[in-house]
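Below you'll find the structure, written out as structure tokens, and then a few comments.
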Protein chains: 2
Amino acid sequence: MARMRIQDIAAEAAVSPSTVSKFINGHYDAMSASTRSRIAEIIERTGYRPSSVARNLRLDRSRMIGVILADIRNPYSSAMLGELADRSAAAGYTLTCAISGNNPSKEAEAVMRLAEAGADGLIVNTCGGNDELLADTCDRAPVVLLDRDVPGASIDLVTSDNGCLVAALLQEVMRDGVDACWLLDEHNDASSVRRERTATFERGLRSACARGGCIALARNACAAAAQLTKMSCSSGGSPIGLIAINGLVFERLVEALAVAGIDVPGAARIATIDEYPWNRVLFGGVTTAAQDIAGLAAAALELLIERIERGRGPCGSRRRIEIPGNIIARRSTRTDSGPTTTTPQPLRAHR
Amino acid sequence: MARMRIQDIAAEAAVSPSTVSKFINGHYDAMSASTRSRIAEIIERTGYRPSSVARNLRLDRSRMIGVILADIRNPYSSAMLGELADRSAAAGYTLTCAISGNNPSKEAEAVMRLAEAGADGLIVNTCGGNDELLADTCDRAPVVLLDRDVPGASIDLVTSDNGCLVAALLQEVMRDGVDACWLLDEHNDASSVRRERTATFERGLRSACARGGCIALARNACAAAAQLTKMSCSSGGSPIGLIAINGLVFERLVEALAVAGIDVPGAARIATIDEYPWNRVLFGGVTTAAQDIAGLAAAALELLIERIERGRGPCGSRRRIEIPGNIIARRSTRTDSGPTTTTPQPLRAHR
DNA sequence: TTGTAAGCGTTATCAT
DNA sequence: ATGATAACGCTTACAA
């Protein structure tokens, strides 16, 4: 059978569509008990559910939130998506997701499509290059940026305290006889997150009077191994520090270390950002700066839903929320602890 | 400014809304060049984009596909989502995704919400328990099942050839002096995929006259380590075979092996299903049955879109597509090869 | 070549 | 307590 409409229910209950509509929306205040139970019975029996398309058109509201993620291969993104899905469902919102693959034009298309589709709000992990579009979209539907900032515009932002995270990681890596440290990143990443992480790193390096710097780790495992070997050789026997700027780079680092035959933590002290199951296992445990993904997701949704439900009122000023993360020190930076020791060490945000 | 409507464009171009509509939909056949260029200019200038909500209501078509995934923490799912997102965008469809978290009632809610929202079709990696609902949904919008079957109903299915994959993995693990092999799974998994994998495994084990069986690996690392130690001891010095039924179980296996101090491949030959970056690195390489995720995604979308675009015509009979995977043999099952050797070995589907 | 009008399924206002 | 009606923004016969 074709799909039921509110009219069909009304006809069957011998009432008008508006009465059924009132029932659906819980406006029981002026409705006889008998009508009410009759409608209830029919809806129950037929399994009727109102068309959200028609309802969205009428109400100009969709209870749908659009999420645009830069790179779903990065396990950070899928963890984030899982958290967002859980929490938005709990708040009564549907999630429509798009994946830009770090491609600005795909991102632009996604933003427009989601806006056209009547998203009540957008959560965007932008890959950059759409500053103007994002700013314009804001006065159609609220936008919250995730992790990555759009410098010029005044858009809400939820992010980790990347500066603190990297500074603490540097300190952990260099705690024991390391006098050269490199932050390994990707050459095609121009995001604000990368900038913040590299800037803090270089500042920390200078204030520790240590050698090292930021360098893009080659995609090719052999080339990357050569890079590492060179660093290792130049440090005259003492171990070097290596920090992967994200989970993707860390994957390459692990492979390159294997190819280069560099011992961890003997010849290299390594650390990474974002906590995944493998971090507990590789090299007897890899020191990690764990972003609070659940906290980030919760904050982003809270901000967004507040703006959505406050209605078309005055936008208020831009809000910027930094969620602190944790440093989890493990054997990859510690020769003195037992091989499987895990020591979470909360980091206070202070800036 | 408030959102533009087709009327506003029409007014500005001094034509009627229907003319603008024709323009938008590319019906240029009967339209003067001047009108056409005038409308084009205004749309370009104002950045007008038609409301897809209104259009969906009118056309009873959304160009939106709903995807319901059981467990986004499983990296298989995120890889799948990435593939689906790419391909559906290329085919001109939007993706709305829901994550059931292996919770049947959440899955049910997602199915209904997506149907109400006017999804043109659904791709469902079902967690089970919604057989009737899924069957009913089929005559509202086409459904394609991913991986996991719904026994009774006649719904299209796209899956890996799990039987072949497990059989080949068993053969690889047992190739050299292993006479006991266990398939490690999760205790709460009642999916058809697990059933197919375990059944084939047990058949293979019997025909090889080997000891072993299927066993749920404990969630707790210490308890899991104890399980492994017991297996290892009972095998009288010869190595045991261990196959993780999916990526999630494999994570636990790796941790448990570390805790138990069991050497790979010396004391245990291990293998897993689904290829992730770490598989190339851990233990000098882990033998893997790699599902063809891109192939699965492509097949699922192709099936679904064909049904969608064929319109409300006769459903045709159920289709079941099996996508072959590959066995990638690595050091975790081979003492004779070099430490980092990678040998992809395509597996022909034959059943 | 263009415009008029009806209708997609729902909800809100205002009568009754 | 209930119903008639208009409107949400768009498309599409059909009329002009």
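Just so it is clear, the values below take in all heavy atoms, side chains as well, and ignore hydrogens, waters and symmetry mates. Below, chains carry the letters A, B, ... as their sequence lines are ordered, and counting in each starts from 1.
- Residues that satisfy the side-chain hydrogen bond (donor to acceptor under 3.5 Å, both in side chains) test with S34(B), not counting sequence neighbours, are S32(B).
- R3(A) has no carboxylate O lying under 4.0 Å from a charged side-chain N of D60(B), or vice versa, which leaves the two without a salt bridge.
- Checking side-chain atoms of R87(A) against main-chain N and O of G82(A) turns up no donor-acceptor pair under 3.5 Å.
- Residue contacts for A13(A): at a heavy-atom cut-off of 4.0 Å it reaches no nucleic acid atom on any strand shown.
- Contact check on E12(B) versus R45(B) returns a salt bridge, with a Lys/Arg side-chain nitrogen under 4.0 Å from an Asp/Glu carboxylate oxygen.
- When heavy atoms are screened at a 4.0 angstrom cut-off, N56(A) is found touching no nucleic acid atom at all.
- Heavy atoms of S52(A) sit nowhere under 4.0 angstrom from any nucleic acid atom.
- The interatomic distance linking D29(A) (CG) with dT2(D) (P) rounds to 12 Å, in whole Å.
- A donor-acceptor pair under 3.5 Å is formed between the side chain of N125(B) and the backbone N or O of L146(B).
- Summarising the geometry, the separation between CZ on F23(B) and P on dC10(D) is reported as 15 Å, rounded to the nearest angstrom.
- Per the geometry, CZ belonging to R61(B) stands 16 Å off C1' belonging to dC10(D), to the nearest Å.
- Taking 4.0 Å as the cutoff to heavy atoms of chain A, we find the contact window on DNA chain C bounded by dG9(C) to dA12(C).
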Identify the pairs formed between an N or O of the protein and an N or O of nucleotides 6-9 of chain D at a distance under 3.5 Å, and give each distance.
from	atom 1	to	atom 2	distance (Å)
dA7(D)	N3	R58(A)	NH1	3.0
dC8(D)	O2	R58(A)	N	3.3
dG9(D)	N2	A54(B)	O	3.4

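- Along DNA chain C, the nucleotide nearest to R49(A) and the one nearest to A14(B) differ in position, and the one closer to the 5' end is contacted by A14(B).
- Using a distance-only test at 3.5 Å, with no hydrogens or angles considered, no donor-acceptor pair links the side chain of D131(B) to the main chain of V150(B).
- A cation-pi arrangement is absent between R36(A) and F23(A), since the terminal nitrogen or guanidinium carbon is not both under 6.0 Å from the aromatic centre and inside a 45° cone about the axis.
- Residue S21(B) is classed as a base contact, given a heavy-atom separation below 4.0 Å to a base.
- Computed from coordinates, the K22(B) NZ to dT11(D) P distance equals 12 Å when rounded to whole Å.
- For the pair R307(B) and D156(B), the salt-bridge criterion is met [side-chain N within less than 4.0 Å of a carboxylate O].
- Heavy atoms of S18(B) sit under 4.0 angstrom from at least one base atom.
- Computed from coordinates, the D60(B) CG to dT12(D) P distance equals 13 Å when rounded to whole Å.
- One finds a salt bridge joining E306(A) and R319(A) here, because a Lys/Arg side-chain nitrogen approaches an Asp/Glu carboxylate oxygen to under 4.0 Å.
- One cannot find a donor-acceptor pair under 3.5 Å joining the base of dA1(D) and the side-chain atoms of T19(A).
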